[in-house]
Amino acid sequence: MEPNIKNIAVLTSGGDAPGMNACIRAVVRTGVYYGKNMFGVIQGYQGLINNNIEAMNARSVSNIIHLGGTILKTARCLKFKEDAGMELAYQNLKAKGIDGLVVIGGDGTFTGAKRFAEKYDIKVIGVPGTIDNDLYGSDFTLGYDTAINTVIEAIDKIRDTADSHDRLFFIEVMGRDSGCIALRSAIASGAEAVLLPERETSLKELITKLKEGASTKKSSSIVIVSEGNKYGGAYDIAHAVKRKFKHYDTKVTILGHLQRGGSPSGFDRILGSRLGFAATKALIKGETLKMAGLHGNEIKLTNLADALNKNNYKLEDDLLEMTHVLSI
């Protein structure tokens, strides 16, 4: 490998996701293995502006692969959207000789990274770290698998009490603009219905489906609601349905930030390691403005611009059909 890059920094930005620490570990140790000086940025882009940048070595990332959250902390930084904030971040990196940056986060993180790399002579590679799974170029984003398993475990427990009391539960999951968590958790938990931001389901359709279930002696019903649904949150939908559907005692559960936490699954630990390894090697080779992502069982690079293009992103047709076919 050509020694084009000598000093590499890694940061996490936006919402935290299980598996970020596995990725940080892989970035640092891969860089050290190839003889690079490694740095960690505390609190994402805010840390770049505040010059909160620390040298890291292989021991800096010991015993973190199993931890949720991110040891580098994360923050949303409005100042980085401004030219003055971005210039200060660049000067701080330049003062330390940092010429390569691995950014772990979602679409907001990548939007900032793209603008930064286009404006300054810093090479940037992104790693998709978001439980929403809404970036083109990776079949799974870091943290998505763990979040789904967390949701499924919660729904399984709710199903027990729903069956015992003949109840209708509306369970709200994360996904303001993406229904990925809602869709897969609905199938995996045997939910009777799912409401997604990408697909319009009228309240009339929902009520009809619930009545059909009641007519076939279903002892309970679970409806998964993505927080970005057009009808509002789970409480709004439950209130609207309850007025016309008296069979069940209606309850609402908001899973909220429970979905972000917890020890990452084996899948996310391996994915984080693979993505961090690939991102660092790509930087060392001189790549920039790319995202390392999972395609099938291979790690490939995608242009950041393509990864951010929402026209490229869609839910799987077979999974959408299954929500109707398997819930009869």
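The chain is numbered in sequence order, starting from 1. All values derive from a computational prediction rather than experimental measurement.
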Report yes if the side chains of [X] and [Y] come closer than 4.5 Å at any heavy-atom pair, otherwise no.
X: L206; Y: L195; value: yes
X: Q259; Y: V173; value: yes
X: V223; Y: V194; value: no
X: I224; Y: S185; value: yes
X: P128; Y: M291; value: yes
X: K285; Y: N4; value: no
X: M38; Y: V10; value: no
X: V241; Y: F170; value: yes

Is there a side chain to side chain contact (heavy atoms under 4.5 Å, CB included) between I65 and N21 once you walk through the steps? CA-CA 6 Å; I65 196 170; N21 285 322; over 6 Å; no

Let me see the working for D145 and S265 under side-chain hydrogen bond (donor to acceptor under 3.5 Å, both in side chains), right down to the final yes or no. CA-CA 7 Å; D145 181 72; S265 65; 2.6 Å; yes

Throw together a table of side-chain donor-acceptor distances under 3.5 angstrom for residues 97-108, partners on residues two or more places apart or in other chains.
unit_1	atom_1	unit_2	atom_2	d
D99	OD1	K6	N	3.3
D99	OD1	N7	N	3.1
D99	OD2	K6	N	3.4

Give me the atom names and distance for the closest heavy-atom approach of L72 to G40.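 L72 and G40 have their closest heavy atoms at CD2-CA, 4.0 Å.
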
Might you point out which heavy atoms bring A147 and I181 nearest each other, and give the distance in Å?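 Scanning both residues, the minimum pair turns out to be CB-CD1, 4.2 Å.
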
Could you tell me whether [X] atom [atom1] has more than 12 heavy atoms of other residues or ligands within 6.0 Å of it?
X: K94; atom1: NZ; value: no
X: D177; atom1: CG; value: no
X: H295; atom1: NE2; value: yes
X: Y136; atom1: OH; value: no

Would you check if the side chain of T141 reaches a backbone N or O of N133 as a donor-acceptor pair within less than 3.5 Å?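 Side chain of T141 to backbone of N133, a donor-acceptor pair under 3.5 Å: yes, one is there.
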
Could you tell me whether the side chain of K300 and the main chain of A292 form a donor-acceptor pair under 3.5 Å?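 Not at all, since once roles are kept as given, no pair shorter than 3.5 Å links the two residues.
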
Please determine whether a side-chain nitrogen of the Lys or Arg among K209 and E205 lies less than 4.0 Å from a carboxylate oxygen of the Asp or Glu.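 Salt bridge flag = no for E205 with K209.
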
Under 4.0 Å between a Lys/Arg side-chain N and an Asp/Glu carboxylate O for R274 and E298?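 Judged by the 4.0 Å cut-off on N to carboxylate O distance, R274 and E298 do not form a salt bridge.
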
For Q46, what residues pass the side chain to side chain donor-acceptor pair (under 3.5 Å) criterion, not counting sequence neighbours?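 In terms of side chain to side chain donor-acceptor pair (under 3.5 Å), with neighbours along the sequence ignored, Q46 is linked to N50.
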
Partner set under side chain to side chain donor-acceptor pair (under 3.5 Å) for N63, not counting sequence neighbours: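 By the side chain to side chain donor-acceptor pair (under 3.5 Å) rule, N63 matches no residue at all.
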
Mind running side-chain hydrogen bond (donor to acceptor under 3.5 Å, both in side chains) on E172 and Y235 for me, showing each step along the way? CA-CA 9 Å; E172 183 176 303; Y235 279 106; over 6 Å; no

F80: what forms a ring-ring contact (aromatic ring centres under 6.0 Å, His included) with it, not counting sequence neighbours?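 By the ring-ring contact (aromatic ring centres under 6.0 Å, His included) rule, F80 matches Y45, F116.
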
Using ring-ring contact (aromatic ring centres under 6.0 Å, His included) as the criterion, list what pairs up with F140, not counting sequence neighbours.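 Per chain and number, F140 pairs via ring-ring contact (aromatic ring centres under 6.0 Å, His included) with Y144, F267.
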
Gap separating the [atom1] atom of [X] from the [atom2] atom of [Y], nearest 0.5 angstrom:
X: D83; Y: L88; atom1: CG; atom2: CG; answer: 12.5 Å
X: K281; Y: L283; atom1: NZ; atom2: CG; answer: 13.0 Å
X: I71; Y: M56; atom1: CD1; atom2: CE; answer: 4.5 Å

Does R25 form a side-chain hydrogen bond (donor to acceptor under 3.5 Å, both in side chains) with S60? I'd like the steps, not just the answer. CA-CA 8 Å; R25 174 180 179 269; S60 302; over 6 Å; no

With side-chain hydrogen bond (donor to acceptor under 3.5 Å, both in side chains) as the test, would you mind laying out the steps for T70 and T12 before giving the verdict? CA-CA 7 Å; T70 162; T12 50; 2.9 Å; yes

Side-chain donor-acceptor distances from residues 150-158 under 3.5 Å, at least two apart:
unit_1	atom_1	unit_2	atom_2	d
T150	OG1	T146	O	3.0

Salt bridge (charged side-chain N to carboxylate O under 4.0 Å, His left out) between E192 and R159: does it pass, once the steps are laid out? CA-CA 11 Å; E192 279 64 39; R159 175 78 73 177; 3.3 Å; yes

Going through the distances and angles, do D134 and K310 end up as a salt bridge (charged side-chain N to carboxylate O under 4.0 Å, His left out)? CA-CA 8 Å; D134 60 348; K310 294 305 181 185; 3.7 Å; yes

Salt bridge (charged side-chain N to carboxylate O under 4.0 Å, His left out), that's the test. Do E287 and K290 meet it? Break it down for me. CA-CA 7 Å; E287 296 279 6; K290 302 284 180 65; 2.9 Å; yes

